[in-house]
**Student:** 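I have a structure I would like to understand better, so I am pasting it below and will then ask my questions one at a time.
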Amino acid sequence: MVQIPLLSLITFLPLLGVVALALLPRGQDEKQARRARLIALMFAGVTFVASLALPIFYDAVVGGFQLIEKAVWMPSMGLVYHRGVDGISLWFVLLSTLLTPLAMVSGFVVKERARSFMAALLLLEAMMIGMFTSLDFFLFYVFFEGVLIPMFLIIGVWGGERRVYAAMKFFLYTFLGSVLMLVAIFVMVMKAGTSDMTALMGFAFPKEMAVWLWLAFFASFAVKTPMWPFHTWLPDAHVQAPTAGSVILAGVLLKMGGYGFIRISLQMLPEASATFAPLVVALSLIAIVYGSLVALAQTDMKKLVAYSSVAHMGYVTLGIFSGTREGLDGAMMVMLSHGLVSAALFLGVGVVYERLHTRDIARFGGVASVMPRFASVFMVFTLAAVGLPGTSGFVGEFLAMQGAWLMDHRVAAVAALGIVLGAVYMLWLYARVFFGVAEKADVKEMRDLTWREAALFLPLLFLVLWLGLYPTTFTKVMDVDVKHLAFSLQGEDR
Amino acid sequence: MSMTTIIDSAVVFLPLLGAALAGGVALCNPQNTVTPAQAGVPFSFKLNWIPAFAGMTKEKRDVFAGLLTSLLMLIAAALAVFIFVDVAFGEGGARTHVLAPWFAMGGVKANWALRFDTLTAIMVMVVTGISAMVHLYAVTYMKGDKGVVRFMAYLSLFTFFMLMLVSADNLLQMFFGWEGVGLCSYLLIGYWYEKPAASCAGMKAFWVNRIGDFGFLLGIFGCYQLFGSLDFDVIFKNAPQVVGQTYVMGDRSCCALTAVCLLLFVGAMGKSAQLGLHVWLPDAMEGPTPVSALIHAATMVTAGVFMVARLSPLFEYAPAALAVIAIVGAVTAVVAASIGLTQFDIKRVIAYSTMSQLGTMFFAAGVSAYGASIFHLATHAFFKALLFLAAGSVIHAMSGEQDMRKMGGLWRKMPVTYALMWIGSLALAGIGIEGVFGFAGFYSKDMILEAAYAHGSWYGRVAYGLGLMAAFMTAFYSWRLIVLTFHGAARYDKHTAAHVHESSWWLLGPLVPLALGAVFAGFVGHDWFASAPDGAFWRGALVALHGHEGAVVPEVAKLAPLALALLGMGLSGWLYARRPDIPAVMAVRLGALYRLVFNKYYFDEVYERLFVRPLPKLGAFFWHKGDEAVIDRFGPDGVSAVAQGLGARARCWQTGYAFHYAFVMALALAAMVAWAMVRVW
């Protein structure tokens with residue numbers, strides 16, 4: 001398998017798609033848009049199929065970084081093209097390649113500059129995959145920042161009325177974090193004399209230095225996750241972003257924070273991570289309770305789902321910094337589950353938005369009687385968001401809280417408040433939108449799911465149940481790496 | 001795969017199959033008000049995928065789905081009897097079938113498994129049996145409703161989750177069934193989702209149960225930490241070893257096992273509607289009557305009692321937790337019964353009766369009489385299902401009226417329902433003659449009260465006393481219900497009177513087996529259930545360390561429950577039939593006390609003030625004051641405002657006059673030179 005550079009292939013296929021889109025003859029008519037959509041979807045589809053080879057060729061028994069590609073890139077600057085996946089990043093790659101075609105199909109409704117829109121999505125995909133598979137620190141940074149640009153454009157060009165404000169807020173927040181991260185990366189590379197991330201994982205940085213490095217990375221990842229109180233860009237960005245943008249933003253981009261915490265904070269700066277763990281845990285608990293309560297007060301569907309994301313990401317950071325194997329497993333599963341569920345919830349909001357052109361919860365009511373199939377589908381994702389056992393949501397939250405309990409009982413008790421509050425805001429949302437009598441004339445006219453929309457939900461539905469009922473398929477791939485990581489943190493094998 | 005594996009699995013999964021089939025049919029034939037043709041939707045299945053369904057009318061489809069799910073449930077019930085005989089009396093004995101792994105992450109391991117021992121076999125038999133009757137009843141009762149097929153799918157799914165709960169071999173699968181049952185109760189209570197009251201009641205059930213599950217979940221975490229495993233076998237085996245462990249919190253510490261057991265019990269309180277977390281149960285009657293019967297008799301509320309019995313090997317090592325359970329149960333029994341005395345909604349009276357009986361089951365568990373607790377669970381399932389379905393028959397006849405003040409004199413018009421209601425009430429009140437024959441509740445309730453008395457502890461005696469009070473009140477409100485509904489003058493209007501009729505045998509038929517159960521279940525079962533936990537019947541499915549075999553219960557204590565029940569029955573019959581003026585006067589005389597009880601001790605109002613209203617307000621406060629006024633103002637918006645301000649000021653400096661720039665450059669140069677000189681010195 002070494003002969004085929006699989007990781008490069010799935011990174012550059014979307015870029016090739018961008019080129020193909022650029023080569024399309026100019027035109028603004030619907031025909032050209034349709035052609036652009038088809039081409040983009042083809043490239044994204046092939047990328048997805050190719051990425052399915054990853055779990056097949058990845059040897060989970062051995063673990064560690066595999067499918068490695070390494071080539072000297074700029075010898076004068078010591079830059080190396082170094083890629084690889086382990087059991088952790090592998091799933092994020094798959095999440096990216098799965099959600100991109102889905103986001104595209106949902107983005108078929110974008111009429112203006114459809115070609116550029118599709119190109120932005122493909123570019124975004126390439127950047128995400130690149131980020132999750134980079135093993136060279138500078139390469140990592142390039143992709144990490146590269147993700148920002150297409151997302152900034154998607155919000156800023158195809159967004160709602162206040163899109164410029166939202167895009168600027170998004171950019172400001174994330175960019176501020178990134179600058180600090182760049183400085184930290186420079187310092188680390190200078191100190192260790194290499195930009196090889198695998199080498200840096202074993203490097204012992206001086207304690208005082210590690211503290212500052214950790215804080216610099218924290219600034220970046222806390223914004224990305226987002227953690228309280230760095231979360232206020234998220235609701236604005238979601239509300240203004242088009243559905244496809246929200247899907248990727250919630251589904252994949254938020255996971256960059258969690259991934260960064262694991263890959264860099266935990267693996268490169270384990271001692272500093274332990275030092276700051278109480279801080280992160282406290283912020284996580286605030287995020288869970290505060291995010292849930294604010295979600296409860298929302299009147300805009302998208303904002304509600306956005307705030308619920310803040311709460312769910314609280315479980316991720318909680319699990320990661322619980323320093324236990326259970327917590328790490330949980331954080332990973334919450335991220336995967338949230339990637340699917342929040343994507344589906346945003347798609348669902350998109351479905352009703354396309355019909356009524358509003359996301360105001362009070363404008364709905366009685367949708368279940370006019371859209372029974374959609375109501376059934378949305379119910380499943382609502383339950384997954386609530387963390388019902390049997391859906392993907394439960395597995396991760398359970399493990400993350402179990403990890404928290406092993407650290408401190410009181411932490412788990414506060415975190416578990418989130419499952420009560422989660423049920424409150426999600427079911428109340430559902431009741432306000434779907435239950436009751438359909439009285440308003442335009443609500444009565446809403447038609448049930450189209451084939452295109454159903455096709456978006458079905459794979460997510462299937463995966464949500466798979467993750468919920470048989471999560472071992474996923475966890476056994478990451479098992480060795482998570483175990484190794486937990487071992488290095490605790491110095492004992494649990 | 002052996003034969004037992006297939007049969008045991010079939011019992012659990014046939015209901016799921018029924019749910020899936022009915023659910024599929026419901027999804028393919030949505031009852032939307034806009035037909036696909038009208039809206040021009042390309043997405044519309046036809047029923048061609050099952051040839052038998054092609055071209056069926058809605059009515060036929062409803063009946064077909066109803067009978068299909070009922071049939072599957074009947075098969076499951078028949079198999080359950082077979083399994084029960086095999087497990088409790090036969091060669092087979094207890095067994096566990098591992099189906100597939102569910103969790104396998106580090107130490108957190110849990111399988112999808114079916115564990116059948118005597119306790120599970122009893123529960124499975126009760127659940128499938130009652131459920132089958134409810135299914136059959138629903139086919140007739142729900143006729144003409146918009147979404148009958150969906151309804152039947154939910155009923156079967158409900159049963160499936162309950163079966164997963166009782167057949168779990170680890171805490172996680174139990175929690176799966178536990179929450180699944182909660183989900184189905186939400187869906188079924190809120191089944192008439194166009195009615196705001198129904199959808200609210202559904203949500204309330206889910207939320208209150210979630211609060212209980214909060215405790216259950218923490219209890220599971222605690223078990224994992226104490227035992228390193230979630231499997232019942234491991235937990236039960238190691239329970240004696242962890243007795244000494246403590247949780248330290250600051251300068252205080254508490255017994256870890258007691259804390260864990262209490263947390264688990266919080267879960268049981270939510271599901272079994274014990275005082276404090278009971279508020280969802282009376283509202284649950286917003287669902288159609290078959291749902292009430294299923295929730296109150298077989299699935300859902302019995303889960304908490306089952307949980308304590310299942311975990312008896314754990315709870316037995318936490319005597320402090322058992323004392324709490326006994327007290328909570330006994331207080332619930334009395335409080336709920338007292339509310340039942342004052343209610344006028346026929347279903348609400350029965351609902352509070354359920355809560356009271358559940359309290360009785362809990363204090364039985366609290367005094368380590370798990371066998372008696374499960375016995376009462378089983379007998380109660382029969383007569384409570386009977387009472388609810390008979391009440392449904394009344395409501396059906398009264399064109400939906402549930403207020404007993406608008407009923408009366410029905411016994412001539414509906415003699416069969418009347419007789420069934422009598423049987424149910426006799427069983428509920430526990431009427432019988434010692435040593436000869438008694439209705440179902442007679443045996444189980446006496447067994448519980450005697451066990452409480454014999455336990456010897458202070459809380460056993462308290463529970464006995466409160467139990468006696470509850471027994472009196474139970475008989476009182478039961479005959480109050482019968483007299484108000486069936487005797488006296490007819491108080492309904494002419495319009496209703498035109499429709500009053502005895503229900504058809506399609507509706508009453510399923511009540512007959514339940515009535516037989518209410519009559520004979522106690523007589524048949526009392527020797528089995530009273531036997532020792534490690535004896536021939538239970539075969540170790542329960543554990544009771546604090547045996548009280550030798551304790552002598554005086555005859556007075558034995559006879560008191562029956563005497564009080566007869567007294568309550570007679571008193572209420574006399575009061576409501578002959579002197580209806582006295583209760584009315586009493587209600588006025590007692591004033592504040594009556595209002596307190598009539599308004600259900602204001603639990604809902606207090607919760608409304610404490611949680612329901614403040615929480616969204618708190619959320620809005622965080623949103624506007626936290627996010628907008630603080631974080632954004634000093635965060636991004638503040639930064640951009642400062643940046644803009646600086647930019648504006650910087651613009652002022654760009655005057656465009658060369659001498660300005662030259663001046664600044666000279667100044668800077670001078671400063672640099674000066675600094676360098678200082679450094680050199």
Side-chain angles (χ1 to χ4, degrees), chain A residues 168-169 172-173 229 232-233 290 293-297 325-326 329 366 368-373 376 383 388-390 395 398-399 401-402 405-406 409-410 412-413 416-417 419-420 423-424 427-428 431 434-438 444-445 447-451 454 469-472 475-476 479 483 494, chain B residues 27 30-34 36 39-43 100-108 112 172 175-176 178-180 183 186 190 193-194 196 199-200 202-203 206-207 210-211 213-214 217-218 220-222 224-225 247 249 615-620 622-623 626-628 631-632 635-636 639-640:
Chain A
M168 281 314 292
K169 203 167 171 182
L172 259 181
Y173 253 122
T232 59
W233 63 270
Y290 182 106
L293 283 173
V294 178
L296 191 56
R325 187 173 170 190
E326 290 81 1
D329 268 322
S369 58
V370 287
M371 302 178 74
R373 287 189 188 120
S376 311
L383 294 171
L388 196 86
V395 180
F398 176 82
L399 290 168
M401 285 190 280
Q402 176 72 72
W405 175 278
L406 295 176
H409 308 141
R410 288 163 296 182
L417 285 177
I419 68 153
V420 179
V424 174
L427 291 189
W428 195 32
F434 289 92
F435 291 159
V437 182
K444 277 187 196 162
E445 291 294 308
R447 55 191 170 72
D448 213 338
L449 292 180
T450 63
W451 272 114
L469 295 171
Y470 199 77
T472 35
T475 50
K476 75 179 174 208
D479 212 33
K483 188 175 163 191
R494 282 191 52 85
Chain B
L27 273 181
Q31 307 294 320
N32 31 359
T33 42
V34 185
V41 185
F43 181 57
W102 182 17
F103 276 64
M105 300 100 186
V108 186
W112 294 111
L172 271 185
F175 193 68
F176 168 79
W178 191 267
E179 288 252 288
L183 161 69
Y186 158 74
Y193 59 80
E194 294 190 329
S199 114
C200 283
M203 277 194 290
F206 198 93
W207 293 342
R210 267 274 155 138
I211 295 170
D213 294 353
F214 165 84
L217 207 51
L218 294 180
I220 295 177
F221 297 149
Y224 177 71
Q225 192 181 30
Y247 285 146
M249 293 215 178
L615 278 182
K617 277 186 191 156
L618 190 62
F622 281 150
W623 178 25
D627 272 20
E628 287 174 358
I631 297 175
D632 274 356
V639 170
S640 67

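Only heavy atoms go into these numbers, but all of them, side chains included; no hydrogens, no water, no symmetry mates. Below, read A as the first sequence line, B as the second, and so on, with proteins coming before strands; counting in each chain starts at 1. This one's a predicted model, so the numbers in the text were calculated from it and none came from an experiment.
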**Student:** Any non-hydrogen side-chain atom of B/I220 less than 4.5 Å from a side-chain atom of A/W405?
**Tutor:**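 No, their side chains stay 4.5 Å or more apart.
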
**Student:** Given a strict heavy-atom distance threshold of 4.5 Å, which part of A/L417 is in contact with chain B: side chain, backbone, both, or neither?
**Tutor:**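 Contact with chain B involves both backbone and side-chain atoms of A/L417.
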
**Student:** Name the region of A/W233, side chain, backbone, both or neither, that has any atom closer than 4.5 Å to a heavy atom of chain B.
**Tutor:**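 Contact with chain B involves no heavy atom of A/W233 at all.
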
**Student:** Where is the tightest heavy-atom contact between B/Q225 and A/L406, given as atom of each residue plus distance?
**Tutor:**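 Answer, listing the atom of B/Q225 first, then A/L406: CG-CD2, 3.6 Å.
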
**Student:** Can you tell me which portion of A/F398 sits under 4.5 Å from chain B's heavy atoms? Options are side chain, backbone, both or neither.
**Tutor:**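 Both backbone and side chain.
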
**Student:** Top residue by heavy-atom pair count (under 4.5 Å) with chain A, among B/F103, B/W178, B/W623?
**Tutor:**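 Heavy-atom pair counts peak at B/W623.
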
**Student:** With no hydrogens and no angle check, is any side-chain donor or acceptor of B/W207 less than 3.5 Å from a backbone partner on A/A423?
**Tutor:**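 Here the side-chain-to-backbone pair exists.
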
**Student:** I'd like to verify something: which residue of B/D213, B/I211, B/L218 has the highest number of heavy-atom pairs under 4.5 Å with chain A?
**Tutor:**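 Of the candidates given, the most pairs with chain A belong to B/L218.
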
**Student:** Among the options A/S376, A/A413, A/G366, pick out the one with the most heavy-atom pairs lying under 4.5 Å from chain B.
**Tutor:**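 Heavy-atom pair counts peak at A/A413.
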
**Student:** Write down the atom of B/A620, the atom of A/A297, and the distance for their closest heavy-atom approach.
**Tutor:**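 Taking B/A620 first and A/A297 second, the nearest heavy atoms are N-CB, 3.3 Å.
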
**Student:** Could you tell me which portion of A/M401 (side chain, backbone, both or neither) has an atom closer than 4.5 angstrom to a non-hydrogen atom of chain B?
**Tutor:**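 For A/M401, the contact with chain B is made by backbone and side chain together.
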
**Student:** In Å and rounded to the nearest 0.5 Å, what is the CD to CD1 distance from B/E179 to A/I419?
**Tutor:**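 Here the interatomic distance stands at 6.0 Å.
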
**Student:** Find the one option among A/D479, A/T232, A/L296, A/L172 whose heavy-atom pairs under 4.5 Å with chain B are most numerous.
**Tutor:**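 Max contact count across the listed options: A/T232.
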
**Student:** What is the distance from atom NE2 of A/H409 to atom OH of B/Y247, rounded to the nearest 0.5 Å?
**Tutor:**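 Reported value, rounded in 0.5 Å steps: 4.5 Å.
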
**Student:** Can you see which heavy atom on A/R373 is nearest to which on B/L27, and at what distance?
**Tutor:**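 The answer is NE-O, 3.0 Å.
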
**Student:** Are any non-hydrogen side-chain atoms of A/V424 and B/L615 less than 4.5 angstrom apart?
**Tutor:**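 Of all side-chain heavy-atom pairs linking B/L615 with A/V424, none is under 4.5 Å.
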
**Student:** Classify the angle between the aromatic ring planes of B/Y186 and A/F435 as parallel (below 30°), tilted (30 to 60°) or perpendicular (above 60°).
**Tutor:**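 Rings of B/Y186 and A/F435: tilted, 30 to 60°.
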
**Student:** Can you tell if the side chain of A/K169 reaches within under 4.5 Å of the side chain of B/D632, non-hydrogen atoms only?
**Tutor:**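 A side-chain contact exists here, since the closest heavy-atom pair is under 4.5 Å.
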
**Student:** Using every non-hydrogen atom in the two residues, find where B/M105 and A/L399 come nearest and quote the distance to one decimal.
**Tutor:**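 Result for this residue pair: SD-CD1, 3.7 Å.
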
**Student:** For B/E194 and A/S369, work out which heavy atoms get closest and say how close.
**Tutor:**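 Of all heavy-atom pairs spanning B/E194 and A/S369, the closest is OE2-CB, 3.4 Å.
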
**Student:** Among B/G190, B/G180, B/G222, B/G202, single out the residue with the greatest number of heavy-atom pairs under 4.5 Å to chain A.
**Tutor:**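 Result: the option with the highest number of such pairs is B/G222.
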
**Student:** Select one option (side chain, backbone, both, neither) describing which atoms of B/L172 are under 4.5 Å from chain A's heavy atoms.
**Tutor:**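 Contact with chain A involves the side chain of B/L172 alone.
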
**Student:** Any idea which heavy atoms bring A/P389 and B/F175 closest together, and the distance?
**Tutor:**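 That closest heavy-atom pairing would be CG-CD2, 3.7 Å.
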
**Student:** Within the side chain of A/Y290, is there an N or O that forms a donor-acceptor pair under 3.5 Å with the backbone of B/F622?
**Tutor:**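 Side chain of A/Y290 to backbone of B/F622, a donor-acceptor pair under 3.5 Å: yes, one is there.
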
**Student:** Flag the one option from A/G436, A/A416, A/A438, A/P471 with the top tally of heavy-atom pairs under 4.5 Å to chain B.
**Tutor:**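 It is A/G436.
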
**Student:** Chain A: which of B/P196, B/A100, B/P101 shares the most heavy-atom pairs with it under 4.5 Å?
**Tutor:**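 Answer, by heavy-atom pair count under 4.5 Å with chain A: B/P101.
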
**Student:** Counting heavy-atom pairs under 4.5 Å with chain B, which one of A/V395, A/L469, A/T475 comes out on top?
**Tutor:**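 Counting heavy-atom pairs under 4.5 Å, the top option is A/L469.
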
